[in-house]
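One structure is given here, and the rest of the page talks about it.
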Protein chains: 2
Amino acid sequence: METTVTLEEPVSAEACRVHMVPITEVLGQVGSKWTMHVIVALATGPKRFSELKAHIGGVSQKVLTSTLRDLERDGLVSRKVTPSIPPRVDYELTAMGQELRGPLGAIGRWAVDNQTRVQAARDRFAHAEDERRRDAW
Amino acid sequence: METTVTLEEPVSAEACRVHMVPITEVLGQVGSKWTMHVIVALATGPKRFSELKAHIGGVSQKVLTSTLRDLERDGLVSRKVTPSIPPRVDYELTAMGQELRGPLGAIGRWAVDNQTRVQAARDRFAHAEDERRRDAW
DNA sequence: CGGAATCCTTCACGATACTG
DNA sequence: CAGTATCGTGAAGGATTCCG
């Protein structure tokens with residue numbers, strides 16, 4: 001019994017919804033504003049908290065902490081504490097985190113390859129909106 | 001001059017951030033709670049508004065409308081109005097929308113393939129949390 | 001240094017009611 | 001049928017302060 005539906009051949013609306021649950025969950029996590037940045041930053045190797053914060057830039061300490069917690073919770077990132085003075089905490093992609101780089105890279109490449117097309121579409125849309133506004137007057 | 005960095009070989013922190021912009025934007029959109037559902041629903045062919053709503057299930061018409069607007073705005077979905085009585089509106093993936101199915105499918109497959117591993121990691125994490133709580137007392 | 005705690009703002013989402 | 005208009009809510013994110 002094959003249950004790999006995803007984006008190819010939906011069976012029923014209900015079966016499709018059930019299948020979407022883990023996907024939605026993962027995307028909700030990945031779509032979170034900073035998750036992608038963290039994974040990219042860690043893709044080249046382990047980093048300390050302050051290194052991550054500096055590398056990413058523009059993220060608050062609180063949000064970075066919670067992002068890292070979520071990733072650790074899901075087993076994508078490992079957290080290694082060295083209780084020295086001052087303390088030292090290293091973050092690193094786990095094996096599972098490394099595996100996510102592939103699929104994430106596919107999205108990333110699509111985004112980079114298509115940003116001009118998306119921008120053009122947005123311009124067209126904004127322009128069409130203007131025209132409708134003009135017609136209304 | 002090659003500028004395809006994404007997830008493979010970061011150059012500088014700044015160059016990396018610049019590259020992340022379109023990716024973050026796309027992921028923010030895709031990570032939006034219902035975008036994925038809409039694309040999956042439309043992957044098999046055009047659908048009317050009410051068909052989409054019924055197929056997805058659990059989405060309010062307001063949110064579905066704005067989700068579709070965003071997708072239309074970015075040129076991923078086309079909207080065809082038939083001014084009959086009652087009115088009829090068909091939504092369909094554009095060529096660009098179709099192309100997104102590949103990368104999105106990669107994420108989807110990863111999510112489905114790894115949901116048990118993620119769940120196990122969460123259980124471990126929750127268990128470790130409990131133990132720390134017990135130590136505190 | 002790496003956080004936890006607190007406060008505050010914004011916004012996505014949802015429920016409801018109304019319209020062409 | 002396919003929206004638009006309004007109102008309400010919770011959660012995400014950000015700034016700041018304090019702690020081991």
Side-chain angles (χ1 to χ4, degrees), chain A residues 20 24-38 41-42 46-74 77-92 125 128-129 132-133 135-136, chain B residues 20 24-38 41-42 46-74 77-92 125 128-129 132-133 135-136:
Chain A
M20 291 296 293
T24 302
E25 215 173 290
V26 167
L27 277 181
Q29 178 61 38
V30 164
S32 157
K33 200 170 176 182
W34 301 106
T35 302
M36 182 76 165
H37 292 266
V38 169
L42 290 181
K47 281 183 181 53
R48 299 180 59 169
F49 184 86
S50 46
E51 289 177 319
L52 269 176
K53 185 159 156 39
H55 188 278
I56 294 175
V59 62
S60 71
Q61 167 273 330
K62 170 191 169 182
V63 172
L64 180 55
T65 298
S66 83
T67 301
L68 287 166
R69 279 287 181 282
D70 289 339
L71 289 172
E72 189 196 356
R73 180 174 185 275
D74 288 358
V77 161
S78 69
R79 179 172 180 269
K80 189 169 51 186
V81 182
T82 309
S84 55
I85 297 177
R88 175 193 180 96
V89 181
D90 288 88
Y91 292 93
E92 185 178 6
F125 192 83
E129 243 183 352
R132 284 191 298 100
R133 225 181 294 275
D135 288 349
Chain B
M20 291 296 294
T24 302
E25 215 173 289
V26 167
L27 277 181
Q29 177 61 37
V30 163
S32 155
K33 199 170 176 183
W34 300 106
T35 302
M36 182 75 166
H37 292 266
V38 169
L42 290 180
K47 280 183 182 53
R48 300 182 57 170
F49 184 86
S50 48
E51 289 177 320
L52 269 176
K53 184 159 157 39
H55 188 277
I56 293 175
V59 62
S60 70
Q61 95 289 48
K62 172 192 168 179
V63 173
L64 179 56
T65 298
S66 82
T67 301
L68 287 166
R69 279 286 182 280
D70 289 340
L71 289 172
E72 189 196 356
R73 180 174 185 277
D74 288 358
V77 161
S78 69
R79 180 171 180 270
K80 190 169 50 186
V81 182
T82 308
S84 56
I85 297 177
R88 175 193 181 95
V89 180
D90 288 87
Y91 292 93
E92 184 178 6
F125 191 84
E129 243 182 352
R132 285 191 298 100
R133 224 182 297 273
D135 290 347

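In what follows, chains are A, B, ... by sequence order, proteins preceding strands, each numbered from 1.
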### Heavy-atom protein contacts under 4.0 Å, nucleotides 11-20 of chain D, coded B base, S sugar-phosphate only, - none
--BBB----B

## Note on the structure
The side chain to side chain donor-acceptor pair (under 3.5 Å) partners of A/Thr65 (sequence neighbours excluded) come to A/Gln61

#### Entry: Residue pairs fulfilling salt bridge (Lys or Arg N to Asp or Glu O under 4.0 Å) with at least one residue in residues 25-34 of chain B, sequence neighbours excluded
A/Arg122-B/Glu25

### Task
Mind checking side chain to side chain donor-acceptor pair (under 3.5 Å) for A/Arg79 and listing every partner two or more places apart, or none if nothing turns up?
A/Tyr91

#### Entry: Value rounded to 0.5 Å, distance of CZ in A/Phe125 from CG in B/Asp70
8.5 Å

### Task
May I have all residue pairs that pass salt bridge (Lys or Arg N to Asp or Glu O under 4.0 Å) and include part of residues 50-63 of chain B, sequence neighbours excluded?
none

### Message
According to side chain to side chain donor-acceptor pair (under 3.5 Å), who are the partners of B/Asp90, at least two apart in sequence or on a separate chain?
### Response
B/Arg88

## Note on the structure
Here the distance between atom P of D/dC1 and atom CG of B/Leu52, to the nearest Å, is 14 Å

### Query
Contact boundaries of DNA chain C with chain B (under 4.0 Å, heavy atoms), 5' to 3'?
C/dC13 to C/dG20

### Task
Look at B/Arg88 and D/dG3 and indicate whether a side-chain polar atom (N or O) is within less than 4.0 Å of OP1 or OP2.
no

### Exercise: identify the closest heavy-atom pair between A/Pro83 and A/Val81
CD-O, 3.6 Å

### Task
Using side-chain contact (heavy atoms from CB on, under 4.5 Å) as the criterion, list what pairs up with B/Ser66, not counting sequence neighbours.
none

## Note on the structure
B/Gln29 meets the side chain to side chain donor-acceptor pair (under 3.5 Å) criterion, sequence neighbours left out, with B/Thr35

### Query
Hey, what bend do you get for the helix from C/dC1-D/dG20 to C/dG20-D/dC1 if you fit axes on five pairs at each end, rounded to 10°?
40°

### Query
Could you walk me through whether A/Val38 and A/Val59 pass the side-chain contact (heavy atoms from CB on, under 4.5 Å) check?
CA-CA 10 Å; A/Val38 169; A/Val59 62; over 6 Å; no

